[in-house]
**Student:** 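My structure is below; once you've seen it, I'll send some questions.
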Amino acid sequence: MMTISNKIIQQIEKLRAEINEHNYRYHVLDAPIIQDSEFDQLFKQLKKLEEDYPDLIQADSPTQRVGATPLREFHQVKHEKPMLSLENAFSAEEVVAFDHRIRERLEINKAIEYLCEPKLDGLAVTLLYEKGKLKYAATRGDGETGEDITDNIRTLKMVPLQIRGKKYPQRLEVRGEVFMPKAEFIEFNRLALQNQEKQFVNPRNAAAGSVRQLDPRMTAKRPLEIYFYSIGIFSGVDFPLTQNELLSQLSEWGFRVNPYRTVSQNITECLAYYDKIQKVRSHLPYEIDGVVYKVNSIRDQTELGFITRRPRWAIAHKFPSEEVVTIIEAVEFQVGRTGALTPVARLQPVFVHGVTISNATLHNMQEITRKDIHIGDKVLIRRAGDVIPEVVSVVLEERSAKIIPIQLPKKCPICYSLVEQDPEQAIARCTGGLICEAQRKEAIKHFASRRAMDIEGLGDKLIEQLVDKKIIHTVADLYFLKLASLINLERMAEKSAQNILEAIEKSKKTTLPRFLYALGIREVGEATAKQLAYYFTDLEVLYKATIDDLQQVSDVGPIVAKHIVAFFQEKHNRAVIEKIIAAGVHWEKIEKTETNRPLAGKTFVLTGTLMSMTRDQLKEKLENLGAKVAGSVSNKTSYVVVGDQPGSKLNQAQKLNIEILNEASLLNLLNKK
Ligand code: IVH
């Protein structure tokens, strides 16, 4: 065995220390002392030595930032200390009121010192260091639990893998914001457009999307940056006395903090800081949506404490969203996954915050009428942080004579099925649910799902591949799938392909309620599908049902009835159904007798766990007997079924004097029926 000389070990350690130091100077201090090319040389030397002596590679070596194994999913991380959000202020008055509240609470008459910082518009993350080494990184999530994104965060060169210096907390949790600078965002989208890949709406989404990549090699390619602004766990050394000292300390430990921070002596200075930052905002290389004021004294912070999810000692003073004027050149209708048609205005491009805006959502036809928007109108556009730009209002004084009204198309721009406008919900939808390309994937996923046709093994990913590769176009095509086209797909062995074909074959024997549910008619859930099946008993009868006929079914109101009629009137949908039936999908005929439905008119509510069956099984049983199963207890409830460890529904049932069934009495009742 070759022994590794001390000299090599020392050489490697020296190189690592040097590289870390230059990284720190470059990223954190923004004051490099060597050329990029010299840095690259050092890095190459280290890489070469590590290649020659792989036993000496360590996880915190600067060469080891990018892991090569993608994750299957993110693990959940429960935050030891919750990740908080901030109270928002939109006016100077609200900020002054905040300062008053603080002084009142602290019973202080003199001015309070605040640490002021820009409020970054990115993604909040938390990093835990133990004994100086990065242990894990996580997203904020809901504030209590986030996702483990360690492998991705390690790829950011400005994140230290090891805390700098000798004296640092045993356990230190640093929190900050990951973001994509504006220029990099624009370049990223330009390339994405060129390569026909997905573009991001704004830098914030780009940062979030990049951090949430399962493959760290992808994240490593994204130009992400970070600023740290607070801490969570902190143990083992004395806590700094002020927020400002804390930030200086973080910076010494190697964490990048925002250079625009400042200490204001009083709230008036805070407001001046706000004005100053607002002026430089458009020149900053990254997006901010306001500034944050934090009570500077840590002792005061501790005394002030928290309200639910927010500290009492901090507030975000938000910038008003930016508005610009431009012209609507055209309006197009986009069809979403659920068939909803959204009007989108094509605008004469305008520049806001370094981003060119050429589209704005018009939401729906009602909004267009309400705001009186026409093609050719001069309009005020608002872009507020994370939302898609929207049209605020028309500049009526400058309306041209050549404006054109915006009309909802009669047919879907994708599949040419009829468009149905729902007067109450303001939403227009394509009725070609079974054939529309925009809705195809979702329709097939729903069709195959467990409670619908229950095709085992036909998961979302597989459906996406089948549609993307144009192997299937509608749900009917599933029944004509061939082994050869399945085994050509990624990660598909012959055995699993065979299993899928068998599951498809098995699904041909189904029930009418399942089949109706599987069609994915709007607002026709499982319960309604069952009611429809038992009422009409035959598909041919249902085809011919009018809105009035349909409303005879309990659960079906005028809106649902309209959706059903529209669905069956669409001849494309009928063609798909006929093709499915021709392929051999069948069900047992439903006999229309009341004895089939002994529990018709009864409503059950379930709480707690049963020994003899799952909730879903019980639900199916009850519904097959004609009963309705509701989610909450009300005067209309007939029985509450109580299993082990029941919830508050039991109390409600007792309060409302509703009959309670335990498992034994439930089984008894079911057996009698
Ligand atoms: S301090 C206890 N400082 O804003 C303090 N937050 O709206 C918690 N944010 O979740 C946050 N820049 O993601 C703080 N300089 C800054 C910030 C900042 C951006 C984000 C952060 C937080 C959200 C709250």
Side-chain angles (χ1 to χ4, degrees), residues 79-90 94-95 98 102 114-127 137-147 149 153 173-181 202-208 211-212 224-234 239-240 242-244 246-248 250-251 255-264 270 273-274 276-278 280-281 284-298 300-319 321 384-387:
H79 304 304
E80 273 183 51
K81 290 200 171 175
M83 286 183 77
L84 306 169
S85 58
L86 291 170
E87 181 183 345
N88 286 327
F90 294 92
E94 287 172 77
V95 172
F98 160 78
I102 287 194
Y114 291 99
L115 183 280
C116 307
E117 257 181 336
K119 183 173 187 300
L120 297 153
D121 201 6
L123 181 81
V125 294
T126 187
L127 280 64
T139 59
R140 177 174 187 277
D142 61 3
E144 295 287 337
T145 311
E147 286 174 329
I149 45 158
I153 288 298
E173 193 182 10
V174 281
R175 292 174 172 179
E177 199 90 350
V178 174
F179 58 92
M180 189 180 282
N202 54 37
R204 197 250 276 276
N205 284 4
V211 164
R212 296 195 68 263
L224 298 176
E225 297 194 6
I226 192 165
Y227 277 123
F228 292 95
Y229 48 67
S230 76
I231 50 150
I233 301 161
F234 189 102
F239 208 93
T242 64
Q243 185 75 23
N244 191 37
L246 171 68
L247 293 173
S248 305
L250 284 181
S251 172
F255 299 101
R256 188 172 183 246
V257 297
N258 194 290
Y260 282 91
R261 80 171 197 267
T262 194
V263 176
S264 292
C270 289
Y273 174 82
Y274 175 87
K276 187 183 117 192
I277 297 293
Q278 196 170 16
V280 298
R281 180 184 186 187
L284 291 178
Y286 43 81
E287 294 264 11
I288 60 171
D289 57 351
V291 294
V292 186
Y293 311 133
K294 298 172 189 173
V295 169
N296 197 26
S297 150
I298 301 283
D300 288 348
Q301 286 187 5
T302 316
E303 189 170 335
L304 287 162
F306 306 91
I307 354 172
T308 51
R309 298 262 145 266
R310 299 190 315 243
R312 277 208 190 81
W313 43 265
I315 197 162
H317 190 179
K318 303 278 279 258
F319 294 135
S321 42
D386 51 352
V387 294

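Counting starts at 1 for both ligands and their atoms, following the listed order. Nothing here was measured: the structure is a model prediction, and the numbers come from that model.
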**Student:** Looking only at the side chains, is there a donor atom on one of Arg175 and Thr126 sitting less than 3.5 Å from an acceptor on the other?
**Tutor:**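 Side-chain D/A pair, Arg175 to Thr126: present.
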
**Student:** Count the heavy atoms belonging to other residues, nucleotides or ligands that lie under 6.0 Å from OH of Tyr260, then report whether that count exceeds 12.
**Tutor:** no

**Student:** About how many Å separate CZ of Arg256 and OG of Ser251, when rounded to the nearest 0.5 Å?
**Tutor:**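 That separation rounds to 10.5 Å.
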
**Student:** Is there a side-chain contact between Lys294 and Pro311 in this structure, where contact means two heavy atoms from C-beta onward sitting under 4.5 Å apart?
**Tutor:** no

**Student:** Once ring-ring contact (aromatic ring centres under 6.0 Å, His included) is applied, do any residues pair with Phe255, and if so which ones, sequence neighbours excluded?
**Tutor:**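 With neighbours one apart ignored, the set is Tyr129, Phe228.
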
**Student:** For a 4.5 angstrom cut-off between non-hydrogen side-chain atoms, does Ile288 reach Arg281?
**Tutor:**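 Yes. Closest side-chain heavy atoms under 4.5 Å.
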
**Student:** So which residues, sorted by chain and number, lie with a heavy atom under 4.0 Å of ligand 1?
**Tutor:** Leu84, Ser85, Leu86, Glu117, Pro118, Lys119, Leu120, Ala124, Arg140, Glu177, Tyr229, Val292, Lys294, Pro311, Trp313

